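Here's the structure we're looking at; comments come further down.
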Number of protein chains: 2
Amino acid sequence: MSRTESEAAFLARYDPADYARPAVAVDLMLLGLPGGRPTILLLQRDRHPHAGRHALPGGFVGIDEALDAAAARVLHEKAGGARAHLEQLYTFGAVERDPRMRIITVAYLALLTEAAFAEALARAPALHPGTIAASSAGEGPVTVHAIDGAALPLAFDHAEIVALALRRLRGKLDTSAVGFSLLPELFTLRQLQDVHEAILGTRLNKPAFRRRMLDRGWLEPTGRFETGTSYRPAELYRFRPNPSHPPSPTLSQGE
Amino acid sequence: MSRTESEAAFLARYDPADYARPAVAVDLMLLGLPGGRPTILLLQRDRHPHAGRHALPGGFVGIDEALDAAAARVLHEKAGGARAHLEQLYTFGAVERDPRMRIITVAYLALLTEAAFAEALARAPALHPGTIAASSAGEGPVTVHAIDGAALPLAFDHAEIVALALRRLRGKLDTSAVGFSLLPELFTLRQLQDVHEAILGTRLNKPAFRRRMLDRGWLEPTGRFETGTSYRPAELYRFRPNPSHPPSPTLSQGE
DNA sequence: TCAATAGTGTCTCTTAGACACTATGAA
DNA sequence: TTCATAGTGTCTAAGAGACACTATTGA
């Protein structure tokens with residue numbers, strides 16, 4: 001082909017409508033730790049495929065909308081604009097994953113602080129919280145339960161998405177700064193340890209955890225302390241991104 | 001909506017053609033270590049967007065084709081059927097990443113043994129090898145060079161894909177079994193260390209590396225030895241997946 | 001014998017886990 | 001004073017890096 005052909009002529013000949021295209025969606029796993037238990041926010045389906053089952057909130061990607069922007073929009077629409085750390089997880093593209101039509105979905109993990117989690121629940125009453133049974137093994141299928149203990153069967157391949165999200169989060173928890181996305185601006189070292197323990201499903205050694213976190217250089221002591229405790233108040237820290245590690249902004253590349 | 005409505009009636013009303021859809025493609029980063037240098041296989045574009053630049057081999061995802069199947073097909077079509085370990089990396093969905101039209105691309109990493117790399121080069125003459133300048137820092141933009149040292153500018157956002165792939169590979173090299181995908185069936189511990197050093201861009205401590213690898217329980221000594229060396233021949237090992245860790249099959253979930 | 005690399009023994013240093021200890025605020 | 005938790009000092013165990021040593025092959 002001649003490289004002198006005009007771009008307009010080229011575009012005219014390049015016909016994107018020649019082939020049927022899959023639909024592209026984003027699905028969000030909205031994760032918080034209310035009461036120290038990993039909990040996700042689900043919508044109960046009232047429509048045909050998997051009616052009655054619970055599904056991750058999602059939506060189709062607009063033709064002029066970036067993937068990350070679609071994830072942010074779905075977060076806004078389905079969770080009442082709650083602030084969250086969004087991070088792309090994995091793209092699920094099995095042919096029959098949705099019986100209606102071919103839908104490729106890009107799964108995102110959205111981490112909510114306790115306040116944001118409560119706010120999302122308040123503003124979007126359709127969202128049902130489901131606690132993740134943290135099988136300590138870390139492998140195998142994940143099961144989700146309602147507050148009353150009833151099992152919440154998930155629609156489509158969403159159990160797979162939840163399992164992958166939890167594995168990924170566990171894997172990068174100690175080497176990245178994602179853990180701070182689940183905490184408020186000011187927090188104590190015990191709260192940080194609680195976050196790690198809730199996600200990993202294990203107990204951690206206190207002195208070792210404190211040493212590791214403080215040696216990372218990510219924690220800025222504020223000189224302020226908890227209030228309202230009936231025991232010795234703990235010092236409040238702030239997360240300060242380290243120049244050597246990425247600052248874990250919203251919409252960072254998932255890795 | 002009534003849950004007694006028939007599925008056929010539901011599907012008829014659900015019109016997937018209501019909205020314009022992005023095209024979905026897969027792009028493959030074919031990586032090998034010829035001569036101990038991380039090298040990828042690229043196609044030089046002769047067409048309009050970024051003509052003259054080099055691009056990752058890719059192709060559109062068929063309407064009845066799973067994502068992983070599309071990646072395997074592109075591997076077969078563009079690399080002459082070379083065997084490779086395929087692993088999904090990340091999905092790139094910026095709106096203007098391709099000026100022709102909206103294309104969302106799912107990036108895959110394909111790891112080739114030295115033999116598979118040579119075979120791909122032989123069977124697909126259009127593929128140009130490009131060595132990745134392993135900036136020891138690990139961050140920052142990646143540059144790719146031809147064998148003669150000339151810079152190979154990449155098309156689209158492919159430099160971003162290459163950088164992400166290398167970061168991911170480095171991150172999971174020591175905790176997963178991906179490294180074995182770059183080695184033949186039988187290999188020496190030195191060859192395994194060479195793979196790790198090439199990918200990480202650093203030198204590793206020999207006794208510590210041997211201890212770590214042997215303690216993993218992934219290496220099965222064969223009792224056989226190298227031949228043709230002019231020095232003491234090294235023992236040949238075989239990779240044996242550990243039941244506690246996933247066996248790293250082709251098309252495993254990227255994480 | 002020498003050259004070159006395989007493979008190992010051992011020392012040190014760093015870091016995690018364990019555990020007990022001191023510190024501090026409220027009832 | 002007691003209680004509950006914050007925060008620390010120290011011992012031990014495990015693992016990595018450093019370095020030197022022995023082992024084995026071909027020339």
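Below, all heavy atoms of this structure are taken into account, side chains as well, without hydrogens, waters or symmetry copies. Just so it is clear: chains get the letters A, B, ... in the order the sequence lines come, proteins before strands, and each one is counted from 1. Please read all numbers here as calculations on a predicted model, not as lab measurements.
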Heavy atoms under 4.0 Å, any strand shown: does [X] hit a base, just sugar-phosphate, or nothing?
X	result
B/Arg210	base
A/Arg212	sugar-phosphate
A/Arg211	base

How many whole angstroms separate atom [atom1] of [X] from atom [atom2] of [N]?
X	N	atom1	atom2	result
B/Glu226	C/dA6	CD	P	7 Å
B/Gln193	C/dA6	CD	C1'	12 Å
A/Phe209	D/dT8	CZ	C1'	17 Å
A/Arg224	C/dT24	CZ	C1'	19 Å
A/Arg203	C/dA18	CZ	C1'	14 Å
A/Met213	C/dA16	CE	C1'	13 Å
A/Leu204	C/dA16	CG	C1'	11 Å
A/Tyr237	D/dA6	OH	P	12 Å

With sequence neighbours left out, what residues match A/His76 under side chain to side chain donor-acceptor pair (under 3.5 Å)? none
Give a yes or no on whether a salt bridge exists between A/Asp174 and A/Arg216, defined as a side-chain N under 4.0 angstrom from a carboxylate O.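 Result for this pair is yes, salt bridge flagged.
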Rounded distance [0.5 Å steps], NZ in A/Lys206 versus CZ in A/Arg190: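 That separation rounds to 6.5 Å.
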Indicate the atoms forming the closest heavy-atom contact of B/Pro34 with B/Gly32, along with that distance.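 So the two residues come closest at CD-C, 3.3 Å.
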Base-contact (B) and sugar-phosphate-only (S) positions in nucleotides 19-27 of chain D, heavy-atom cut-off under 4.0 Å, - elsewhere: B---BBBS-
Minimum-distance nucleotide to B/Ala234 side chain [options: D/dG17, D/dA6, C/dA6]: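 The listed nucleotide nearest to B/Ala234's side chain is C/dA6.
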Going by ring-ring contact (aromatic ring centres under 6.0 Å, His included), name the pairs with one or both residues in residues 182-206 of chain B, residues two or more places apart or in two chains.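 Matches after skipping sequence neighbours: B/Phe180-B/Phe187, B/His196-B/Phe209.
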Could you go through the side chain to side chain contact (heavy atoms under 4.5 Å, CB included) check for A/Leu30 and A/Leu112 one step at a time? CA-CA 7 Å; A/Leu30 296 149; A/Leu112 310 188; 4.3 Å; yes
For B/Phe92 and B/Tyr90, take the angle between the two ring planes, folded into 0 to 90°, and tell me which bin it lands in: parallel under 30, tilted 30 to 60, perpendicular over 60.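 If you compare the ring of B/Phe92 with that of B/Tyr90, the planes turn out perpendicular.
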